[in-house]
Amino acid sequence: MEDQMNKITRRGFVAGAMGTAALASATPLMAKSMDHMGHGGMAKNAKLSAAAADCVIKGTECVDHCILLLKEKDLSLVKCLETAQDAVDACQLLMKYSAGNQKHLSALAEVCIKVCEDCAKECKKHIKKHENCKACYDSCKECIKECKKVA
């Protein structure tokens, strides 16, 4: 039963990661397309959308890594798991909002700055030992930088 649950979890994770990766790679292309049509809203926030998408991808990889360690009874990354999952959730919404140039984008960017700062602070503790934490830390820092431009 547990093995079957692990397969479902992995399958869901892979599908979600593939969808996020597709959106992340398509964001700059959509931005160019929107810019050519004269609308410019997407192009205006293309870097923010890409940074948020990267944060979702790297954060999801960090969460998955933390879960694997938890399965091995290693509790050293519990806080990292929590903050990375919060960053993933916040950045998914930020990615959607920035793509559509939504009304409350600046308020959401302010929240994402705080969430990503928490995640980066926790991941920084583990960057020398875990590559996933380093990648998550770097993506959070980039997302914070882009959020500050619209906050």
When rounded to the nearest 0.5 Å, the distance separating SG of Cys91 from NZ of Lys96 is 12.5 Å
Any chance you could lay out the side-chain contact (heavy atoms from CB on, under 4.5 Å) test for Lys121 and Lys124, step after step, and finish with the verdict?
-> CA-CA 5 Å; Lys121 180 180 176 183; Lys124 188 175 183 178; 5.9 Å; no
NZ of Lys149: more than 12 outside heavy atoms within 6.0 angstrom?
-> yes
Which value, rounded to the nearest 0.5 Å, describes the distance between Asp138 atom CG and Cys133 atom SG?
-> 11.0 Å
Using the side-chain contact (heavy atoms from CB on, under 4.5 Å) rule, take Ile144 and Glu117 through it: C-alpha gap first, then chi angles, then the decisive distance, then the call.
-> CA-CA 7 Å; Ile144 290 166; Glu117 283 174 344; 3.6 Å; yes
Using the ring pair (Phe, Tyr, Trp, His ring centres under 6.0 Å) rule, collect all pairs that involve residues 70-94, keeping only residues at least two apart or in two chains.
-> none
Can you list the other members of the hydrophobic cluster that holds Val111, where links are side-chain heavy atoms under 4.5 angstrom apart?
-> Val115
Hydrophobic cluster membership, Ile113 vs Leu93, 4.5 Å side-chain cutoff = no
What distance separates Asn45 CG from Ser98 OG, expressed to the nearest 0.5 Å?
-> 6.0 Å
May I ask you to test the His130-Leu69 pair for a side-chain heavy-atom distance under 4.5 Å?
-> yes
Have a look at Thr60 and tell me which of Val63, Asp64, Val56 forms a side chain to side chain contact (heavy atoms under 4.5 Å, CB included) with it.
-> Val56
Electrostatic pair Lys134:Glu131 at N-O distance under 4.0 angstrom = no
Lys114/Asp118 salt bridge by N-O under 4.0 Å criterion | no
So, do Cys55 and Val88 sit near enough that their side-chain heavy atoms are less than 4.5 Å apart?
-> no
Stepwise salt bridge (charged side-chain N to carboxylate O under 4.0 Å, His left out) check, Lys58 with Glu61 = CA-CA 5 Å; Lys58 300 298 187 336; Glu61 291 169 352; 5.6 Å; no
Compare every heavy atom of Cys143 with every heavy atom of Ala51, then report the nearest pair and how far apart it is.
-> CB-CA, 3.9 Å
Give, for atom CG of Asp54 and atom OG of Ser49, the distance between the pair rounded to the nearest 0.5 Å.
-> 12.5 Å
Rounded to the nearest 0.5 angstrom, the OH-CG distance for Tyr97 and Leu108 is 7.0 Å
Within-4.5 Å side-chain heavy-atom neighbours: Glu82 and Gln85 = no
Decide side-chain contact (heavy atoms from CB on, under 4.5 Å) for Leu70 and Val78; before the verdict, give the C-alpha distance in whole Å, the side-chain angles of both, and the deciding distance to 0.1 Å.
-> CA-CA 8 Å; Leu70 283 173; Val78 170; 3.6 Å; yes
Please name the pair of heavy atoms, one in Cys136 and one in Gly59, separated by the smallest distance, quoted to 0.1 Å.
-> SG-CA, 3.8 Å
Shortest non-hydrogen pair, Cys123 vs Cys80, comes out as SG-SG, 3.6 Å
Verdict with supporting geometry, Leu81 and His65, side-chain contact (heavy atoms from CB on, under 4.5 Å) = CA-CA 9 Å; Leu81 168 64; His65 176 71; over 6 Å; no
If we only count heavy atoms from C-beta on, is the Cys147 to Leu94 side-chain gap below 4.5 Å?
-> yes
Should Leu75 and Ile67 be counted in the same cluster of Ile, Leu, Val, Met, Phe, Trp and Tyr side chains packed under 4.5 Å apart?
-> yes
So CG of Leu68 and CG of Asn132: to nearest 0.5 Å the spacing works out to 9.0 Å
